[in-house]
Amino acid sequence: MSENVALNFVDRLVYEDKENRNIDKVVTRFPPEPNGYLHIGSAYAINISYGIAKKYGGQFNLRFDDTNPMKEDMEYVHAIIEDMAWLGCDYGKEPFFGSDYSKQIFDYATFLIRQGKAYVCDLTMEEMRTYRGTLTESGKNSPYRDRSPEENLKLFEDMRLGLVDEGVRVLRAKIDMESPNLILRDPVIYRVLKEKHYRTGSEWCIYPMYDFAHPIQDYIEGVTHSLCSNEFINHRPLYDWVLDALDLKGVLPRQIEFGRLNLTGVVTSKRYLKQLVDSGILDGWDDPRLPTIKGLRRRGVTKEAIFDFVNEIGVPKTSTTVDYKMLEHFVRQDLKEKVMCLMMVQSPLKVVITNLEETEYVDVDNHFSNPEFGSRKLPFTKELYIEREDFCEQPSKKFKRLSPGEEVRLRSAYFIKCNEVIKDDQGEVVELRCTYDPATKSGSGFNERKPKGTIHWLSASDVTKCTVRLYEDLFLEEPSDDQLVESINMNSKKVYEDALVERSILKFIDQGEKRFQFIRNGYYVVDKELTTKELLVMNQIVSLKSNF
RNA sequence: UGGGUAGUCGCCAAGCGGUAAGGCACUGGACUUUGACUCCUGUAUGCGAAGGUUCGAAUCCUUCCUACCCAGCCA
């Protein structure tokens, strides 16, 4: 055994447990309910369980926790499988389904009944709430608590046969109505649900509750460490109670909880996500502003960046709210070495080089530091475009771009000097007349003057139009429960329909490149959904950092 | 007011009785044909608070304070 370098407290617990209980194969699992889409918080949870399994050479399962026919759907199963594949987490050949264990779980329930540890209860929901007591007052026993195993068996069978209506009777574990932990006050472990299940159809009309099903599912799969988020910490005694009451043999699973991950500027709960998508303000589950895996993917975030990010966060014991900037950092970090650098202008401003007649081709590096990316030729012509924001008629002293009478370098080309500003009737600048200095050619070593700055540009003869979409935080402040939709930052999406990008991008896209750095603008990805033969649509993945 | 979990820089987070790692963000500077990248630089005499034990405490003890979770026939 190699020396254990504990990554976090979960790792440490697993390591000790592995030694103490002589576990030779660590098995973990990720158990999503197929009632929504995976998101960054899921990736974080997956990474913890997957990471542990991988570290100990064990096994990692994907299991659909589908014991509630009211909420689950095959659509989500497919979506989750697709996202898992994209994330590249290997969970063996096939995913598992909790619903495949229906019969076994049912048999365990009858075992419990025979042991006198579970009973059928006729209390209504309201009555049960009353009997349960409160946080400070203990509960009292159900009048049905002492039914005989025989009677319970019969009643439970009636439930299974569909002879009992929903809400009329449930199966409860007989634990302790006086427990200070409300979870242990005779929890319901089976209820009647006559809804069609998306996989088992109407084969069953009773379904186990999470607290009963989960430990059994874990046990059946040989899961040794059932890692889940903090909200289940109060459930652990019940998890252990079930395992113990069932008198199971072999290595029993152990539940360990970790803190949830929250990100500033976004929400991750399925309920909120659904509300947002349903509001119609977003463009669906894969809206690039959403922290869903599909959204992040469409946004252009790489899985490498996601995993670097969640790994850096570690495994906290309490829930945390991490600054979104940290994710952005890892996105830039990942992309900067991977993608080529092209030039794009979001809001073009025409520039005419008055002293240039003949087109000249200049050599432009495809990457800011890595020569392996090669270079390309770009035409330097009389008519150019620059970024509207790179010109200012009355600049402040700190402005390091183009202004009247000042000189800047066009990247990889020449210095240009602005001599004349042409405006339309409204007084808006529509064109700049500039001269270039042939002596200042890029690479010539010219250093007699320093330009104000270096800006990017495009030749009017060598552009292709594209739509560029920029994103900001979906929420500027933590939204409250009832103000979720109202709290949406309506400026979170900005669309530039008149953006121009150098034509060479089309060639690179054909060669399979989807992500680029647009110099001085940021990292962008081709939007697969919106891009057509006629129209190129790009999403900004993340901007470049800027001190300006 | 019951039970549970947790409090280390603005945000994450190491630390596990020997004198406060690291990352993000931010500062200042160097470099620069991306105001990028990179590289330096600075940033908790302080670890929720107060006591105590100890030669020595973020680490052990006591009390207190704060936050989060639990009263679904959801997961």
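Throughout, protein chains are lettered first and strands after them, A, B, ... in sequence-line order, and every chain is numbered starting at 1.
Contact of A:Gln517 with B:rU34 (side chain to base): a donor-acceptor pair of N or O atoms is detected under 3.5 Å. Checked by distance alone, A:Arg401 brings a side-chain donor or acceptor within 3.5 Å of a matching partner on the base of B:rG35. Between the side chain of A:His235 and the base of B:rA75 there is at least one donor-acceptor pair of N/O atoms closer than 3.5 Å.
Within the 4.0 angstrom heavy-atom criterion, only backbone atoms of the sugar-phosphate kind lie near A:Glu33; the bases stay farther away. In this structure, A:Tyr190 reaches neither bases nor backbone, as no heavy-atom distance under 4.0 Å exists between it and the strands shown. Looking at heavy-atom distances under 4.0 Å, A:Lys325 makes contact with sugar-phosphate atoms alone, never a base. Within the 4.0 angstrom heavy-atom criterion, base atoms lie near A:Gly443. Using a 4.0 Å heavy-atom distance criterion, A:Leu135 is classed as a base contact. Among the protein residues, A:Met209 comes within range of the sugar-phosphate backbone only, with heavy atoms under 4.0 Å from sugar or phosphate atoms but none that close to a base. As judged by a 4.0 angstrom heavy-atom cut-off over every strand, A:Thr321 is placed among residues touching the sugar-phosphate backbone only. Note on A:Asn68: only backbone sugar-phosphate atoms sit closer than 4.0 angstrom, heavy atoms only; bases stay farther off. Within 4.0 Å (heavy atoms only), A:Pro451 reaches no atom of the nucleic acid at all. Contacts of A:Val322 with the nucleic acid, taken as non-hydrogen atoms under 4.0 Å apart, involve only primed sugar atoms and P, OP1 or OP2. Residue-level contact check: A:Gly314 touches neither bases nor backbone, having no heavy atom under 4.0 Å from any strand. Heavy atoms of A:Thr134 sit under 4.0 angstrom from at least one base atom.
In the set B:rG2, B:rA25, B:rA75, B:rG2 carries the atom at the smallest distance from any side-chain atom of A:Pro180. Each of B:rG2, B:rG35, B:rA75 was ranked by its minimum atom distance to the side chain of A:Lys398; first place goes to B:rG35. Side-chain proximity of A:Lys336 to B:rC37, B:rU34, B:rC74: nearest is B:rC37.
Nearest-nucleotide assignment on RNA chain B puts the 5′-proximal partner with A:Met326, out of A:Leu182 and A:Met326.
Under the stacking criterion of a centre-to-centre distance below 5.5 angstrom and an interplanar angle below 30°, A:Tyr210 is not stacked against the six-membered ring of B:rA75.
For the residue pair A:Arg376 / A:Asn366, a side-chain donor-acceptor distance below 3.5 Å is found, with atom types taken as modelled.
Look at the P atom in both B:rC70 and B:rA58: the space between them is 35 Å, to the nearest Å. The separation of B:rU8 from B:rC73, taken at their C1' atoms, amounts to 44 Å, rounded to a whole angstrom. For the C1' atom pair drawn from B:rU45 and B:rA57, the interatomic distance equals 14 Å after rounding to whole Å.
Contact between the side-chain N/O atoms of A:Lys270 and the OP1/OP2 oxygens of B:rC74 is not found at any separation under 4.0 Å. Contact check, A:Arg129 against B:rG72: a side-chain N or O comes under 4.0 Å of OP1 or OP2. Contact annotation: A:Lys545 side-chain N/O to B:rA25 OP1/OP2 distance is under 4.0 Å.
Taking the six-membered ring for Trp and thresholds of 30 and 60 degrees, A:His214 and A:Tyr210 have ring planes inclined between 30 and 60 degrees apart.
Contact of the A:Arg449 side chain with the A:Thr440 side chain is registered, since non-hydrogen atoms from C-beta on lie closer than 4.5 Å.
Residues A:Tyr524 and A:Gln540 share a closest heavy-atom pair of OH-NE2, 3.1 Å.
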